[in-house]
Number of protein chains: 2
Amino acid sequence: MSQTSKASPRVRRGTNRVTMDDVAARARVSPSSVSLFLRNPEAVSPRIAPRIKQAIDVLGYVPNLLAGSLAAARTRAIGVVVPSLGNAFFSETVAAMQKEFDRHGYQLLLGATDYDAVRETELVRTFLSWSPTALVITGCRHDDATRMLLRQARAPVAEMWELGGEPFDLQVGFSHRAVGETLAAHLYELGAQRIAFAGARMTSDLRARQRCDGLRDWLARKGVDVFVVDLQSGASPTSGGEALAAALDGMPDVQAIACSNDVMALGVLFEAQRRGIDVPAQLAVTGFGDLPFSQVCVPPLTTIQPHAASIGLRIAQELLSQLDTPADENAGAAEPKVVDVGFQLVTRQSSETSRDV
Amino acid sequence: MSQTSKASPRVRRGTNRVTMDDVAARARVSPSSVSLFLRNPEAVSPRIAPRIKQAIDVLGYVPNLLAGSLAAARTRAIGVVVPSLGNAFFSETVAAMQKEFDRHGYQLLLGATDYDAVRETELVRTFLSWSPTALVITGCRHDDATRMLLRQARAPVAEMWELGGEPFDLQVGFSHRAVGETLAAHLYELGAQRIAFAGARMTSDLRARQRCDGLRDWLARKGVDVFVVDLQSGASPTSGGEALAAALDGMPDVQAIACSNDVMALGVLFEAQRRGIDVPAQLAVTGFGDLPFSQVCVPPLTTIQPHAASIGLRIAQELLSQLDTPADENAGAAEPKVVDVGFQLVTRQSSETSRDV
DNA sequence: TTGTAAGCGTTATCAC
DNA sequence: GTGATAACGCTTACAA
């Protein structure tokens, strides 16, 4: 192995793993040639190429990316920061992103903030110390410490799932206010005048709050008041049930309930069924997310499809193309790119008037 | 910055980023003191500590983990390989694992195989070249190439979500056959004699197939035949509906249907409702996963709770404690540890006999 | 306690 | 095309 046989007078720490030097020695070429071969097999003469290849196989050589990255001053790692991995939206985005990055030989460093700003800062700091090729972060509102780190980063920074604020290099997302407004218009057209919004932890989930605000503001302009339920128990079918109870309590004649999430909406549907409330005849229900069950539950759920996978794919594609682009003279000088992937209102029975059915 | 002002005669590539040397210079101490301070602030004298701290803040120093890891010959990265990130089971496990590792300052390198053995091998190879602290992989069946890489790895290897085969260093999971047997016994005790199993892509999802086999074999011993539906469309509520249709087609008098997944089971419930089939009176339905909706859907779903989060947490804990343990003289010589986290049958209305209700 | 300097395993520059 | 050799930025053995 790489161990030199002569005893060094002082420091010496062999990690006896197969190194490039070992390969070079066995193939009887210089380490540079091995390095070259690894990066561009065509570049070495067809005479020594097979020798190198064989040496690699025989020795079971695995390149040390750490050393390589250090020397080259760049990694094949992308840092990704999401609020929660348990959340189906983000895991879908991450899945799509991972797939695309993977195709191009990039690895994902993943971290979750749990909607905690301090954790976010720490994660960004840690990821930066990995010298990542790029950094992907969720949302566009970050505290000052995070913003400063991000600004200093020598890697492109992408924000996802939300548009606005002061973009760094890339934003891929959509307007959550617009989602709220779209739902508001939909329910209003349905003729609903008594409307509730069911959210969970909207103090920290800023995007949910924006959807809520969008809906409320739009309806306010029409003179329709919205009763807002904000549960602290997190979004789940159970909390959906609680939300319906709370809504019926606070607004007994409620005609429509918009949920910040399909999972909660499902809970509302079940609770309504349990209470003998007819959806949509007596109560219209909408969600957000278009999760797999939403098109098959009874009744099928009107919801917003957020294109979670598109966001991940697009982030990867944009970042990748940006990396290929001949490096700009002034790093970070380029205009930030903002991509609105939009969303789609999916109208289903849970919010249809009886005559539409 | 780290740039030396005197022009070097030959090679020189400044990445003009703030280095430890810069911090040392500003604090007027040696680099090693800074290094020491970073790793153990108590170890330096209270006189220079604040100087270093200030220099770090003023300069906005971010340590280069690549250089550090290379020098120390160890990383703070854990490679994690899962079949799919979109799958709620795995994302829950990953979330729990990430949380625990994060608490101890470890980062996650994440990759998805999409149930493809070749991708698995590639991912393992790539992750190994990161010199990870440990490697976590899903399942215990891997092809030869993967096994060889894993065997050579100088990092502990943990397998999750499944037990059996030849464990490397750690296995945390449960028996999927036992799951199938448990469900079989449950349905049998209910009095069901005409039973179907609804799975999806069981050729590649080996764990689903084990659950199916466990159920079928157990019932075979009781003389009960099982009709197996294996859809190629993937597990979803939609495929659940298709599965029910297929089951009714192949076994018109089916009394119970065990689904390889809660999501499919939900589809079955909806389809049954649509067809006017009373669950559980006419048809008992069971799932697997105990997803959030399962306890609130109508009727609530009998299912298996797999302790996805526990698996992730336990993996992290075991690995962490293994890392703290004074390094074994012979790497990999220690006995592999196998942890059966078990699972729980959650009996709900979807499989109760009418008299139990 | 603090400093010195030798690696860690690559990549990249330059001369041949 | 191939090979020396100097970084890359840090950790750590050892001396002071």
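In what follows, every heavy atom counts, from backbone to side chain, and hydrogens, waters and symmetry copies are set aside. Numbers restart at 1 for each chain; the letters A, B, ... are given by sequence-line order, proteins then strands. Small disclaimer: the values here were computed from a predicted structure and weren't measured.
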- Note on the structure: Per the under-4.0 Å heavy-atom filter, residues of residues 38-58 of chain A near DNA chain C come out as Arg39(A)
- Assert: residue with more 5' nearest nucleotide on DNA chain C, out of Val62(A) and Ser32(B), is Ser32(B)
Measure the distance from [atom1] on [X] to [atom2] on [N] and round it to the nearest whole Å.
| X | N | atom1 | atom2 | value |
| --- | --- | --- | --- | --- |
| Arg74(B) | dT12(D) | CZ | P | 5 Å |
| Leu70(A) | dC8(D) | CG | C1' | 4 Å |
| Leu66(B) | dC8(D) | CG | C1' | 9 Å |
| Leu36(A) | dA4(D) | CG | P | 15 Å |
| Asp21(B) | dC8(D) | CG | P | 10 Å |
| Asn64(A) | dG7(C) | CG | C1' | 14 Å |
| Met20(A) | dA4(D) | CE | C1' | 15 Å |

- Message: Between Thr93(A) and Thr138(A), is the side chain to side chain contact (heavy atoms under 4.5 Å, CB included) condition met? List the steps.
- Response: CA-CA 11 Å; Thr93(A) 300; Thr138(A) 308; over 6 Å; no
- Item | Neighbour count above 12 (heavy atom, 6.0 Å) for Gln152(B) CD | yes
- Query: Are any of Ser30(B)'s side-chain N or O atoms less than 4.0 Å away from OP1 or OP2 of dG3(C)?
  - Reply: yes
- dG3(D) phosphate, OP1 or OP2, under 4.0 Å from Ser33(A) side-chain N/O: yes
- Out of dG9(C), dC10(D), dT11(D), which has the shortest distance to the side chain of Ser35(B)? dT11(D)
- Message: Going by the rule salt bridge (charged side-chain N to carboxylate O under 4.0 Å, His left out), which residues pair with Lys53(B) if we only count those two or more places apart in sequence or in a different chain?
- Response: none
- Task: Under 4.0 Å between any heavy atoms, over every strand shown, what does Phe37(B) touch: base, sugar-phosphate, or nothing? Just pick one.
- Result: nothing
- Query: NA contact type, Pro31(B), heavy-atom cut-off 4.0 Å: base, sugar-phosphate, or nothing?
  - Reply: nothing
- Query: Between CZ of Arg314(B) and CD of Glu100(B), what distance do you get to the nearest 0.5 Å?
  - Reply: 11.5 Å
- Looking only at atom types and distance, does a side-chain atom of Asp169(A) sit under 3.5 Å from a main-chain N or O of Ala158(A), one as donor and one as acceptor? no
- When Phe127(A), Trp130(A), Phe101(A) are each screened for side chain to side chain contact (heavy atoms under 4.5 Å, CB included) with Ile78(A), the one that passes is Phe101(A)
Please list, one pair per line, the donor and acceptor atoms closer than 3.5 Å that link side chains of residues 63-70 of chain B to other protein atoms, with sequence neighbours excluded.
unit_1	atom_1	unit_2	atom_2	d
Asn64(B)	OD1	Leu66(B)	N	2.8
Asn64(B)	OD1	Ala67(B)	N	3.2
Ser69(B)	OG	Leu65(B)	O	2.6

